[in-house]
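Working notes for the structure below.
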Amino acid sequence: MLISTTNIDEIITAISAHVNDNAVLISVGEHTEIDIKEFVGALQQSGLEFMGGLFPRVIHGNTVLEKGIVINTLNNLETLFLVENISTKEYTIPEITFKENQPYSLFTYVDGLTSNISHYLSELYENYGMQTNYFGGGAGSLSLEQQPCVFCNKGIYQDAAVVAVMNMASNIGVRHGWKKVGGPFIVTKSEGNIIKEINWKNPFQVYKEVVEEHSGLIFTEDNFFDIAKGYPFGILKEDAECIVRDPLMTNENGELVCVGELEENMLVDILNGNNDSLIDAAQKAAEASVQKATAPRKAIIIDCISRILFLEDSFEQELNAITETIHGSYPDLSIGGALTLGEISSYGEGFLEFYNKTTVVGLFE
Amino acid sequence: MIKVENHILDILQLHEYGMAIGQSLDYRESCDLFIKLLLKRKNLNAAWILEKKDENYQSTYAIPLGQKTVVDADSVIQVTRDIEESTIVKRTDLISSISPLNLEEGMVAIFNLQDQGYLFLYSKKDNISEKDLAQLRPVIKKFSVNLKACKAFRQQQQLLHSLEIQNQELSDYAHMVSHDLKSPLRSIDTLTTWLQEDYASKLDESGNKQIISIRNSVEKMDTLISGILEYSTIGKTHIEAYPVDLNLLVKDILSLIEVPDHIAINTAILPTIIGDKYRLQQLFQNLIGNAVAYNDKPEGKIVVGAQEKGAFWEFYIQDNGKGIPDPYFKKIFKVFEKLETSETSTGIGLSIVKKIVEMYQGKIWLESEESVGTTFYFTLAKNSHGAT
């Protein structure tokens with residue numbers, strides 16, 4: 001459900017009426033004209049159980065919005081909790097008793113601009129393993145300035161994650177559609193989200209050589225992101241699409257600053273995509289989730305904000321491809337979601353990963 | 001035709017796996033670094049290690065964490081009986097029963113880690129191939145060595161910790177014992193002094209001699225306790241090292257000890273070394289003191305000298321005293337071992353000497369001929385500084 005009003009009392013009333021006694025997942029467009037702290041305060045007073053995040057844009061049906069609040073009911077909630085201090089790794093993942101032979105889905109929004117998100121996801125998988133499906137995304141502002149952006153009944157936080165675990169089946173499709181144009185290369189030196197060396201050489205020089213040759217464009221002092229948004233890195237993975245990492249900028253040492261971490265010695269390709277390959281991949285993600293579903297009650301799309309920056313007006317086609325695929329099988333299914341700073345899921349229910357530039361479609365039963 | 005690029009990729013993947021091994025000497029961290037990477041790159045769901053413990057096998061690592069599992073050896077042997085290096089099998093109830101995790105349908109790759117047990121890699125899908133096994137075998141052998149090193153390192157750390165505690169306990173014990181023993185000794189000494197002063201006229205000659213004998217024994221006991229305390233503290237306290245001119249040091253010693261007129265002591269030019277003056281003085285004073293004390297010749301001669309031997313200084317203290325019988329050449333350096341019963345000897349002086357020499361990474365030995373004399377040799381490493 002989409003809420004457009006900016007009157008906080010009306011928003012609370014609308015949410016309460018929609019979810020009844022259930023918990024609620026709230027995705028807020030970052031330009032929504034409300035005081036987010038006041039909104040979270042009102043939610044705390046309302047008696048609702050909730051979790052949510054602030055995103056560059058939100059999705060409702062076929063529409064992408066900078067302003068607006070999209071809500072989804074969290075049926076059969078088992079537990080909802082907050083994880084603080086993601087960057088310092090000083091937290092404990094709470095223990096959950098999963099009933100045998102029952103399907104579970106875990107939904108998480110994490111501050112997409114904090115560090116050590118991969119460690120957080122690794123901790124989640126270590127603790128809950130194969131007992132649940134995982135789904136989620138990175139919250140935050142497109143300005144890339146870190147700020148409080150995830151919230152739950154305890155308040156609104158930055159450098160944190162909120163998690164809901166539901167006794168509910170889910171079917172998830174993950175695709176990105178970026179194809180290799182150069183590589184493989186070895187990240188011979190890195191620190192967090194900064195690539196310091198590729199193949200023992202300056203990373204920008206290696207990257208520049210491949211990208212300029214493929215694109216026919218020349219990097220200048222102020223056009224890095226304009227070109228780089230079409231040439232992400234892909235971390236090689238067997239038997240699945242690679243994991244995409246977005247190069248964001250170069251620093252004063254000619255090192256590449258990315259969204260998401262890269263570990264030393266990992267193998268990467270340089271990727272490129274076009275409208276067709278990306279839209280086709282988004283459709284395949286939707287198909288994968290639809291094929292596995294039996295009786296879904298809602299669809300949630302987590303799509304990377306950088307895909308819209310790359311596709312621009314063609315993003316509408318990507319969203320159409322997803323919604324048409326879902327509605328082709330389930331015409332009345334409500335579709336909501338967010339454009340995020342990084343996406344969370346696992347390929348084939350395997351180890352949990354943090355993606356960039358990827359489309360994740362979840363159908364929840 | 002197979003693309004050359006695929007070959008390169010296989011090799012580069014080995015590079016990534018290989019580089020994840022040996023980055024830590026912590027067992028859990030080593031497993032995390034390597035096994036999590038395998039799960040991510042090969043899109044697997046879980047992994048665990050079973051290792052033999054007494055009559056059973058227990059899980060020493062699992063990702064996801066799962067329950068700490070102890071399983072009977074028969075079940076593990078049934079699953080792993082014919083695995084020399086590795087194999088792939090379908091998940092069975094038997095395999096589930098030896099897993100700390102709940103497994104659904106799928107495949108399990110099993111690697112024999114030899115002394116480190118067995119590594120199990122699980123995938124819900126049919127995505128582990130014989131080629132994967134062949135690719136991973138050499139890196140998993142390396143991983144197994146890494147695990148062995150982790151355990152050896154942990155044992156070493158535990159041993160060091162235990163030694164530190166024992167050392168401290170021994171040191172505390174020595175202090176406590178010497179304090180507790182010295183207190184009644186002081187009382188005995190005081191009482192016998194009063195007895196001597198107040199009752200000397202009332203006691204006969206034999207009684208007075210016995211009192212003197214008691215006081216001598218008390219003094220010897222006091223020296224012995226001080227010696228034990230000294231011995232137990234050598235090498236356990238922090239020392240400040242600085243240049244010590246051994247010519248001045250020996251000169252000081254000769255002014256401190258009583259050298260009878262019939263004994264001549266010649267000192268060659270000695271070097272200046274970096275060390276702790278107090279311990280060096282103990283070293284030279286004990287050896288020169290012994291040379292003086294056990295000299296039975298009407299014209300006693302003692303020579304102190306040194307020569308440079310590479311990274312060491314070699315010193316000698318030569319006398320023309322009684323000499324030492326061969327069987328005692330090594331025994332005399334042990335605590336409480338002494339050559340003859342003497343009222344003044346505690347049998348601890350040469351043990352202290354040996355311990356000080358060892359602090360300077362040196363050795364001590366002697367050459368001797370009965371009735372002719374003895375030469376004690378010892379070396380001190382130039383760069384040791386007596387630091388512990």
Side-chain angles (χ1 to χ4, degrees), chain A residues 92-93 95-103 118-119 121-134 174 180 182-190 198-200 234-243 261-269 346-355, chain B residues 3-23 28 31-48 61-67 91 99-107 121-129 131-132 135-136:
Chain A
T92 307
I93 302 293
E95 202 172 304
I96 298 174
T97 307
F98 292 92
K99 296 180 197 94
E100 275 190 36
N101 303 317
Q102 299 234 3
S118 294
H119 181 267
L121 298 180
S122 172
E123 288 288 302
L124 278 184
Y125 191 75
E126 241 183 73
N127 282 273
Y128 305 146
M130 300 172 283
Q131 300 171 102
T132 177
N133 277 345
Y134 300 85
V174 186
K180 173 181 175 171
F185 301 105
I186 305 174
V187 176
T188 43
K189 198 171 178 187
S190 70
I198 290 177
N199 284 9
W200 303 274
I235 302 164
L236 298 188
K237 196 170 165 74
E238 291 178 41
D239 195 37
E241 272 192 320
C242 56
I243 308 291
E261 292 127 51
L262 291 107
E263 290 152 26
E264 278 181 11
N265 302 307
M266 61 173 32
L267 306 181
V268 292
D269 283 335
S346 60
Y347 280 113
E349 302 165 10
F351 207 86
L352 202 49
E353 305 260 20
F354 188 59
Y355 313 120
Chain B
K3 287 168 97 177
V4 173
E5 192 182 276
N6 289 343
H7 292 302
I8 294 168
L9 199 56
D10 287 341
I11 295 163
L12 289 179
Q13 273 167 345
L14 273 183
H15 170 83
E16 189 179 14
Y17 296 142
M19 292 299 280
I21 295 167
Q23 289 194 25
R28 170 107 212 147
C31 290
D32 274 349
L33 284 165
F34 178 61
I35 295 176
K36 281 183 182 175
L37 183 71
L38 281 186
L39 297 193
K40 284 183 192 174
R41 297 293 180 265
K42 291 200 171 284
N43 221 20
L44 308 176
N45 298 89
W48 70 99
Y61 177 82
I63 178 83
L65 293 174
Q67 297 293 321
R91 186 222 71 112
S99 169
L101 308 158
N102 291 326
L103 307 182
E104 299 170 10
E105 294 307 304
M107 305 296 290
L121 301 175
Y122 166 70
S123 174
K124 285 184 180 180
K125 296 191 292 179
D126 186 12
N127 63 341
I128 313 175
S129 67
K131 186 206 145 194
D132 288 321
Q135 183 200 32
L136 290 177

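Per chain, numbering begins at 1; letters A, B, ... match sequence-line order.
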d(Leu352(A) CG, Lys36(B) NZ) to nearest 0.5 Å is 11.0 Å
Got a second to check how far Asn127(B)'s CG is from Glu238(A)'s CD, nearest 0.5 Å?
9.0 Å
What closest approach, in Å, do Pro64(B) and Gly129(A) show between heavy atoms, and which atom pair accounts for it?
CG-CA, 3.2 Å
Among Leu65(B), Leu103(B), Leu39(B), Asn102(B), who wins on heavy-atom pairs under 4.5 Å with chain A?
Leu65(B)
Side chains of Ile235(A) and Lys40(B), heavy atoms from C-beta outward: is any pair under 4.5 Å?
no
Would you say the side chain of His15(B) lies within less than 4.5 Å of the side chain of Asn265(A), judging by non-hydrogen atoms?
yes
Going by heavy atoms in the side chains, are Met130(A) and Lys124(B) under 4.5 Å from each other?
yes
Measure the CZ-CG distance between Phe351(A) and Leu37(B) for me, rounded to the nearest 0.5 Å.
10.0 Å
Quick test of your reading of the model: are Arg28(B) and Glu126(A) salt-bridged, counting only N-O distances below 4.0 Å?
yes
Side chain proximity check, Gln13(B) to Leu267(A), heavy atoms < 4.5 angstrom:
yes
Below 4.5 Å from any heavy atom of chain A, which atoms of Leu12(B) appear? Answer side chain, backbone, both or neither.
both
At a heavy-atom separation under 4.5 Å, does Glu263(A) approach chain B through its side chain, its backbone, both, or neither?
side chain
